[in-house]
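Below: one structure, written as structure tokens.
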Amino acid sequence: MSGKKWFPLESNPEVMNKYIQALGVESTQLQFCDVFGVDPDLLGMVPQPCKAVLFLFPISENNEKWKQKTVSDITASGQTLSKDVFFVNQTIGNACGTIGILHALANNLEDLKLKEGSFLKNFIDSTKDMSPKERAQFLADDTTIEEAQGTAAQEGQTQNQPLSAQINLHFIAYVEKEGNCYELDGTRPFPINVGKSSPETLLQDASGHIKKYMELDPDEVKFTLVSLSKV
């Protein structure tokens with residue numbers, strides 16, 4: 001992480017939907033909505049099709065060790081990775097909410113209409129051939145998105161914390177590409193293929209992997225899921 005920090009985003013679909021409009025999403029065909037739990041009955045309440053899942057969880061020693069082992073295992077053994085997965089590294093503190101949203105949107109461009117001249121249109125067009133690290137630098141150099149996240153961070157239901165506060169929560173995203181579900185965490189060096197999936201089963205497949213995070217810290221309750229769904 002660089003020394004730069006942004007104000008943290010809240011896991012709030014209303015705030016997120018307003019935020020992506022400010023970034024340049026013109027069409028309302030895709031919207032964020034709450035996922036109230038990973039039980040089948042609760043997943044059945046989520047509008048379909050689900051195009052991406054955002055997961056907010058507390059950082060812990062257990063999931064950090066799991067993350068490191070996963071990266072080490074893939075580095076040693078490899079993985080199936082679609083060239084169509086759009087991935088951005090995170091180098092800015094508290095930017096994980098925006099990184100997660102960008103991962104959700106940039107991997108579903110076929111369902112979006114972007115405003116000409118907007119940040120999101122410029123970001124996608126400018127970085128489509130860049131590496132994840134180069135995309136991270138693009139974000140660090142851009143003031144438009146920093147200001148937009150700052151505004152969105154002020155609109156949540158919870159009181160915003162100062163930049164100096166230690167935030168122990170982290171956003172990641174899940175998307176489906178070419179028959180596989182990918183976990184997209186900007187603090188990792190690359191996307192993680194977590195198993196077979198389809199456009200129809202992404203929500204269930206992502207939730208199955210999210211359960212593993214929950215099982216690592218069974219006494220923790222600060223887990224939040226949001227779906228980017230076609231409405």
Side-chain angles (χ1 to χ4, degrees), residues 1 5-13 15-16 32-46 50 52-77 79 87-104 153 156-162 164-176 180-197 201-228:
M1 291 280 181
K5 294 179 73 174
W6 290 352
F7 288 106
L9 275 183
E10 181 179 310
S11 184
N12 181 321
V15 170
M16 290 176 170
F32 288 106
C33 56
D34 283 313
V35 180
F36 295 109
V38 294
D39 293 336
D41 289 347
L42 296 175
L43 295 179
M45 298 169 60
V46 178
C50 167
V53 178
L54 295 187
F55 176 47
L56 180 67
F57 62 94
I59 299 170
S60 71
E61 182 178 353
N62 289 336
N63 58 51
E64 283 295 292
K65 286 181 178 178
W66 186 40
K67 176 192 294 187
Q68 292 168 8
K69 184 179 185 305
T70 301
V71 170
S72 295
D73 289 347
I74 291 173
T75 301
S77 304
Q79 66 171 342
F87 183 67
V88 187
N89 285 132
Q90 181 186 342
T91 59
I92 303 168
N94 298 337
C96 58
T98 288
I99 298 292
I101 287 173
L102 290 177
H103 281 148
Q157 296 178 352
T158 56
Q159 185 175 2
N160 196 24
Q161 301 190 51
S164 58
Q166 294 297 315
I167 306 299
N168 193 44
L169 298 171
H170 187 58
F171 277 102
I172 59 176
Y174 291 87
V175 300
E176 183 273 335
N180 288 293
C181 177
Y182 290 94
E183 177 195 302
L184 306 179
D185 178 348
T187 64
R188 296 184 189 245
F190 39 70
I192 306 297
N193 184 333
V194 301
K196 295 295 183 182
S197 188
T201 63
L202 172 61
L203 179 61
Q204 289 76 16
D205 299 329
S207 296
H209 194 258
I210 286 168
K211 286 180 182 178
K212 296 181 181 179
Y213 277 94
M214 296 177 171
E215 290 166 358
L216 288 170
D217 295 290
D219 296 328
E220 183 58 73
V221 295
K222 296 178 181 177
F223 298 111
T224 307
L225 287 79
V226 175
S227 170
L228 179 67

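Position 1 is the first residue of the sequence, and the numbers go up from there.
- Here the side chain of Asn180 pairs no donor or acceptor atom with the backbone of Asn193 at under 3.5 angstrom.
- Proximity of Cys33 to Val46: side-chain heavy atoms (C-beta onward) are separated by under 4.5 Å at one or more points.
- Without hydrogens or angle criteria, Asp185 side chain to Thr187 main chain gives a donor-acceptor distance under 3.5 Å.
- Within the model, atoms CG of Asp217 and CD1 of Ile59 stand 11.5 Å from one another, a figure rounded to the nearest 0.5 Å.
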Residue pair Leu54, Ser11: steps toward the side chain to side chain contact (heavy atoms under 4.5 Å, CB included) verdict:
CA-CA 9 Å; Leu54 295 187; Ser11 184; over 6 Å; no

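- Using a 4.0 Å cut-off between a side-chain N of Lys or Arg and a carboxylate O of Asp or Glu, Lys67 and Glu64 qualify as a salt bridge.
- For the atom pair Ile192 CD1 and Tyr174 OH, the distance stands at 10.0 Å (nearest 0.5 Å).
- Considering all non-hydrogen atoms of both residues, Pro191 and Gln79 come closest at O-NE2, 2.7 Å.
- No side-chain N or O of Ser77 forms a donor-acceptor pair with one of Asp73 less than 3.5 Å apart.
- Using a 4.5 Å heavy-atom threshold, the side chains of Cys181 and Glu176 count as separate.
- Expressed to the nearest 0.5 Å, how far CZ of Phe36 lies from CG of Leu43 amounts to 12.0 Å.
- Contact annotation: the side chain of Ser60 approaches that of Asn63 to within less than 4.5 Å [non-hydrogen atoms, C-beta and beyond].
- Taking CD from Gln68 and CZ from Arg188, the interatomic distance works out to 10.0 Å, rounded to the nearest 0.5 Å.
- Judged by distance alone, with hydrogens and angles left aside, the side-chain atoms of Gln90 form a donor-acceptor pair with the main-chain N or O of Ile92 at under 3.5 Å.
- Looking at Asp39, its side chain never comes within 3.5 Å of a backbone N or O of Leu42 through a donor-acceptor pair.
- Looking only at side-chain heavy atoms (C-beta outward), Val53 and Leu203 come within less than 4.5 Å of each other.
- In this structure, the side chain of His209 does not engage the main chain of Glu183 through any donor-acceptor pair within 3.5 Å.
- To the nearest 0.5 angstrom, Ser207 atom OG is 9.5 Å from Phe55 atom CZ.
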Could you walk me through whether Ile101 and Phe32 satisfy the side chain to side chain contact (heavy atoms under 4.5 Å, CB included) test, starting with their C-alpha distance in whole Å, then the side-chain angles of each, then the deciding distance to 0.1 Å, before giving a yes or no?
CA-CA 10 Å; Ile101 287 173; Phe32 288 106; 4.1 Å; yes

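- Put simply, the side chain of Gln204 never gets that close to the backbone of Val38: no donor and acceptor are under 3.5 Å apart.
- Between Ile172 and Leu184, the closest side-chain pair of non-hydrogen atoms is not below 4.5 Å.
- For Tyr213 and Phe57, the ring centers are positioned less than 6.0 Å apart.
- A salt bridge between Lys65 and Glu61 is present, with a side-chain N of the basic residue lying under 4.0 Å from a carboxylate O of the acidic one.
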- Residues Trp66, Leu216; criterion side chain to side chain contact (heavy atoms under 4.5 Å, CB included); working and verdict: CA-CA 9 Å; Trp66 186 40; Leu216 288 170; 3.3 Å; yes

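- Residues Gly100 and Ala173 come closest through the heavy atom pair O-CB, 3.8 Å.
- In this structure, the side chains of Tyr182 and Val194 stay at 4.5 Å or more apart for every pair of heavy atoms.
- When side chains are defined from C-beta on, Val226 counts as touching Met16, because their heavy atoms get closer than 4.5 Å.
- Between the CE atom in Met45 and the CG atom in Asp34 there is a gap of 10.0 Å [rounded to 0.5 Å].
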Decide yes or no on side chain to side chain contact (heavy atoms under 4.5 Å, CB included) for His103 and Val175, but give the supporting numbers first.
-> CA-CA 8 Å; His103 281 148; Val175 300; 5.5 Å; no

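- Residues Ile210 and Phe223 fail the side-chain proximity criterion, which asks for heavy atoms closer than 4.5 Å.
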